[in-house]
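Take a look at the structure below.
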Amino acid sequence: MVFRNREGGKIIRKGWLLDVGYTVKGEQTYITLIVKGKKTAKLLFPYDPYFYVDAPEEKAEELKEVKVVRKEEEIKVKRTEIVEKKIWGKMRKLIKVVCYRPPHVPHLKAHIPYPCYEYSIPFARRFMYDLQLSPFDIIKYERKGPLITKIMGIERAESKKSPALSKMAFDIEVLNPMGTPREKEDPIIMISYRSDKEKGVLTFKGDGACRDEKEMLEHFDKKIKDENPDILIGYNSSLFDLPYLKARAEKLKAQFNLARFGGKMRAVQKGLVHGYEIKGRVHVDMYPILRLFGYIGVIKAENYTLDAVSESVLGEHKIDIGGWERINELWEKGEVGKIAEYCLKDAELTYRLAEKFLPLEIELAQTSKLPLFQTTLSTTGQMVESLLMFHAQRRGEIIPPRPTSAEVAERIARPIKGAFVKLPEPGIYSNIAVLDFRGLYPSIIISYNIDPATISESGEHKAPKGTTFKKAPKGLIPEVLEGLLDKRAKIKRALKEMDKDSEEYKVLSARSQALKILANSFYGYLGYARSRWYSRQCAESVTAWGRKHINDTIQKAEEKGFKVLYADTDSVFLIYEDKEKVIEFMNEVNKALPEKMELELEGFYVRGVFVSKKSEEKGAKKKYALLGEDGRIKIRGFELVRRDWSEIAKETQKRVLEIILKEGSKEKAAKVVRETIKALKEGKIELEKLAIKTQLKKEPEKYEVKSPELEAALKLREKGLQVGKGAIISYVIGRRGTSISEKATPLELAQDYDADYYINNQILPAVMKIMKELGYDEYTLIHGGKQQSLEEFF
DNA sequence: GCCGTAGGACTACCA
DNA sequence: ACTGGTAGTCCTACGGCG
């Protein structure tokens, strides 16, 4: 990229937009832009904060004189203007109240006795929406010193290349003789880093080492200033590494500030997520990112430790030094090399995770219009909200306010009716076809123009619930959503022609994934209690139309003579004799659907199992296993896909399902179960296979009832370990104690196990439901019964 | 006070 | 701290019994 050229005697510069903030100098507020051109620079652009007041035009003069005194500071209005904006689709004249400083906005708003709008939009984002800027856009500008005198234009950062950002991952090791390290006492003994260029370890023991901890911190500080990465990456660095580094640096009075351009490092909170900001760079903590990706199904891991995530997405482990306690021992013994190897590997894994997931994160930032650092701390709901704010501004529409806490409570109190799930009949079936609606809810929103502003009694689209929506003009939400889906369709077509190993392919497939993630979050956002665009009527209409379409499909299938086994939200399971007839049926359904909606063939399956519920004879919903024609088994809902069941129970259930679906030998399945029970009784199963993993969703003090995972967590705390909200506890049911909670012991401390518990509460419940479909009862299963093959059973 | 159980708290899944 | 629908475990309060 050419970063500067001459036009009519003036120098026009160009650079990637990395971050936006603001600063105040005297009476003027400036937006600060971190722009990466040939060099990275922090630039200033004068811009005034403002909000809108819905009052008669003639009040503009009066409003200009509003004054508020707060903490001896007199807060005044800079000027007022008359503007036209749309409120829920209707044009209206509003008074724009321009202020001197961003923090003045809420104070002035509070003293104005008319309805106000857009008073709670973070100022840097306000600027980005106003100028229609996205993160990593290329801006063209003229400057005079640090001041931008003119923004000449914006080039959309939509090239097939990702922005050229330099990055460095790091990790620290800390002594922990008392369990969780204490900032006051326990020193940092090592810092490792892995950048685009090189890797290394800093320590103060052994060859070529720093003199002491203080010097090590200062070396690290210098390292970062020399290499000057745009992005600093850690793992749980928001809550551990960075605050610890800062605390130690303060205690030791070390020169330590990883920020650029005189900025600061500080802890921040966005919603409920904790972050740590390094001004002038982008601090990326991989942990919350991977947590979110786990939540939305981009990755799947048993828990979200660096080790577990590396295993699941890179197929690699951390170096095993035998637990965190060993660091003290190795350090004492002077075996610094081992710690260094361990520490560097952590930085390396963190770097590799970033290489893998930063492209998606960057695309999410560009799509949602949130700066990268903000994006790493955001939920999909916040990303959708930002995107809608951006487009509301483009369309000249007022951004609705956030709901009050009373409104939030009211919304939560009355949930919206959701999807339809058909009750399956338990049994083993052959020849199953699965059809599903592609992107059901997004396609409904677009097809019926569902938006808070299109609701109208004279609307042409009438939802099964009764709400009617106008066909035109297109609402903000359907328009933005359609934009995402159209862009994605285009990218998908382009990807087919591309070399899968190319840089462009990686960038575009990440972009496609980001578009999909956001598109799929729109319905949830409409029904999200804290949403600015919450609409009960809209959300209810989406699900009502969804239920109608799936039920119509079931009915049509039955009319065609298919047996419908099961249906959930957007999918139907049919028993077929002739594949052609299934396709024929699908095409027929599609002819009658709106253009954006489509029923697709998900697949044909050789065999499938549905089981009954534990307590009743009725079939269990959301629980089935299907054997595909390629021999692969698709399993949903069974214990074996849940982390809160022991590996031994899951493994046994998996083997039983496989034997039944693939080999059809129920006696062989019974044998597997009996062998497992025998091994358990003989104490032959390793404790790792008996661990049950459960997350603590609240702080331990906040629970009303005790539970095994809670009791196990408390036992960890007794050992001086920090266990809090979000921790995933691995525990084993041991022999000591009366209740199950009492018996629960953290895996790390477990010595023995209660075989009866594992047989009666883990193996048998997991396996019985399946064996019951084959005519086994518990007694015959355990003690043996007469031989019978699945062929005879059918 | 002991026993059995209904209902509540809680988690993790499916879509 | 994006939605609702669902199964299942374990705990606890409660009622019956004596």
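In this text, all values refer to a predicted model and were calculated from it rather than measured experimentally. Residue numbers start from 1 in every chain, and the chains themselves are labelled A, B, ... in the order their sequence lines are given, proteins ahead of strands.
- OP1 or OP2 of C:dC2 has not a single side-chain nitrogen or oxygen of A:Thr380 nearer than 4.0 Å.
- Side-chain nitrogen and oxygen atoms of A:Arg643 include at least one within less than 4.0 Å of the OP1 or OP2 phosphate oxygen of B:dA12.
- Both A:Leu423 and A:Tyr441 lie close to DNA chain C; mapped to their nearest nucleotides by heavy-atom distance, the more 5′-ward contact belongs to A:Tyr441.
- For A:Lys725 and C:dA1, the NZ to P distance is 5 Å, given to the nearest whole Å.
- Of the options A:Arg488, A:Lys369, A:Arg511, A:Lys487, a salt bridge (Lys or Arg N to Asp or Glu O under 4.0 Å) to A:Glu363 is made by A:Arg511 and by none of the others.
- Residue A:Val641 is in sugar-phosphate contact alone, with no base atom involved, counting any heavy-atom pair closer than 4.0 Å across all strands shown.
- Base contact: A:Ser521 has a heavy atom under 4.0 Å from a base atom.
- Heavy atoms of A:Trp645 sit under 4.0 angstrom from primed sugar atoms or phosphate atoms, though from no base atom.
- Counting to the nearest Å, the C1' atom of C:dA1 and the CZ atom of A:Arg291 are 14 Å from each other.
- The side chain of A:Lys706 sits closest to C:dT12 out of C:dG4, C:dC2, C:dT12.
- Atom CD1 in A:Ile729 sits roughly 11 Å away from atom P in B:dT11 (whole-Å rounding).
- Distances shorter than 4.0 Å separate none of the side-chain N or O atoms of A:Lys614 from OP1 or OP2 on C:dG8.
- Using a 4.0 Å cut-off between a side-chain N of Lys or Arg and a carboxylate O of Asp or Glu, A:Lys596 and A:Asp486 qualify as a salt bridge.
- Heavy atoms of A:Ile296 sit under 4.0 angstrom from at least one base atom.
- A straight line from CG of A:Asn303 to C1' of B:dA12 spans 15 Å, rounded to a whole angstrom.
- Residue contacts for A:Tyr703: at a heavy-atom cut-off of 4.0 Å it reaches the sugar-phosphate backbone alone, with no base atom in range.
- Picking from B:dA15, B:dA12, C:dT9 the nucleotide with the shortest atom distance to the side chain of A:Lys697 gives B:dA12.
- Under 4.0 Å is where a charged nitrogen must lie from a carboxylate oxygen, and between A:Glu407 and A:Arg530 no such pair does.
- Between A:Lys623 and C:dG8 there is a side-chain N or O to OP1 or OP2 distance below 4.0 Å.
- When heavy atoms are screened at a 4.0 angstrom cut-off, A:Gly524 is found touching base atoms of the nucleic acid.
- Checking the phosphate oxygens (OP1, OP2) of C:dT9, no side-chain nitrogen or oxygen of A:Asn761 falls inside 4.0 Å.
- For A:Tyr758 and C:dT9, the OH to C1' distance is 14 Å, given to the nearest whole Å.
- Listed pair A:Lys622 / B:dC14 fails the phosphate criterion, with no side-chain N or O lying under 4.0 Å from OP1 or OP2.
- Contacts of A:Asp436 with the nucleic acid, taken as non-hydrogen atoms under 4.0 Å apart, are absent.
- With B:dC14, B:dC13, B:dC10 as the choices, the nucleotide that has an atom nearest any side-chain atom of A:Tyr624 turns out to be B:dC14.
- Backbone-only contact: A:Gln695 has heavy atoms under 4.0 Å from sugar-phosphate atoms and none from a base.
- For A:Ala620, whose side chain is taken as the heavy atoms from C-beta onward, the closest listed nucleotide among C:dA7, B:dA12, B:dC14 is C:dA7.
- Salt bridge A:Lys715/A:Glu748: absent, no basic N to carboxylate O contact under 4.0 Å.
- Side-chain contact between A:Phe604 and A:Ile432: absent, with no pair of heavy atoms (C-beta onward) separated by less than 4.5 Å.
- A:Phe437 comes within 4.0 angstrom of no nucleic acid atom, judged by non-hydrogen atoms across all strands.
- Using a 4.0 Å heavy-atom criterion, one finds that A:Tyr757 contacts the sugar-phosphate atoms exclusively.
- Between A:Lys698 and B:dC10 there is a side-chain N or O to OP1 or OP2 distance below 4.0 Å.
- Relative to the ring axis of A:Phe585, A:Lys556 does not place its NZ or CZ within 45° and under 6.0 Å from the centre.
- B:dC10 sits 14 Å from C:dA1 when the P atoms are compared, rounded to a whole Å.
- Using a 4.0 Å heavy-atom cutoff across all strands shown, A:Ser531 reaches no nucleic acid atom at all.
- Distances from the side chain of A:Tyr528 to the nucleotides C:dA1, B:dA15, B:dA12 place C:dA1 closest.
- Each of C:dC2, C:dG4, C:dC11 was ranked by its minimum atom distance to the side chain of A:Ser741; first place goes to C:dC11.
- A straight line from CD of A:Glu639 to P of C:dC10 spans 12 Å, rounded to a whole angstrom.
- Evaluated for a side chain to side chain contact (heavy atoms under 4.5 Å, CB included) with A:Val572, the options A:Leu565, A:Leu435, A:Asp436 yield exactly one hit, A:Leu435.
- Taking the centre and axis of the six-membered ring of A:Tyr566, the NZ or CZ atom of A:Lys422 falls outside the cone set by 45° and 6.0 Å.
- Rounded to an integer number of Å, the gap from A:Arg414 CZ to C:dG4 P is 12 Å.
- Among the protein residues, A:Lys743 comes within range of no part of the nucleic acid, since none of its heavy atoms lies under 4.0 Å from any strand.
- Listed nucleotides: B:dC14, B:dA12, B:dA9. Nearest to the side chain of A:Val705: B:dA9.
- Counting any heavy atom pair closer than 4.0 Å across all strands shown, A:Arg530 reaches a base atom.
- Taking atom CD1 of residue A:Ile477 and atom P of nucleotide C:dC2, one finds them 16 Å apart after rounding to whole Å.
- Among B:dA15, B:dA12, C:dC10, the nucleotide with an atom closest to any side-chain atom of A:Asp568 is B:dA15.
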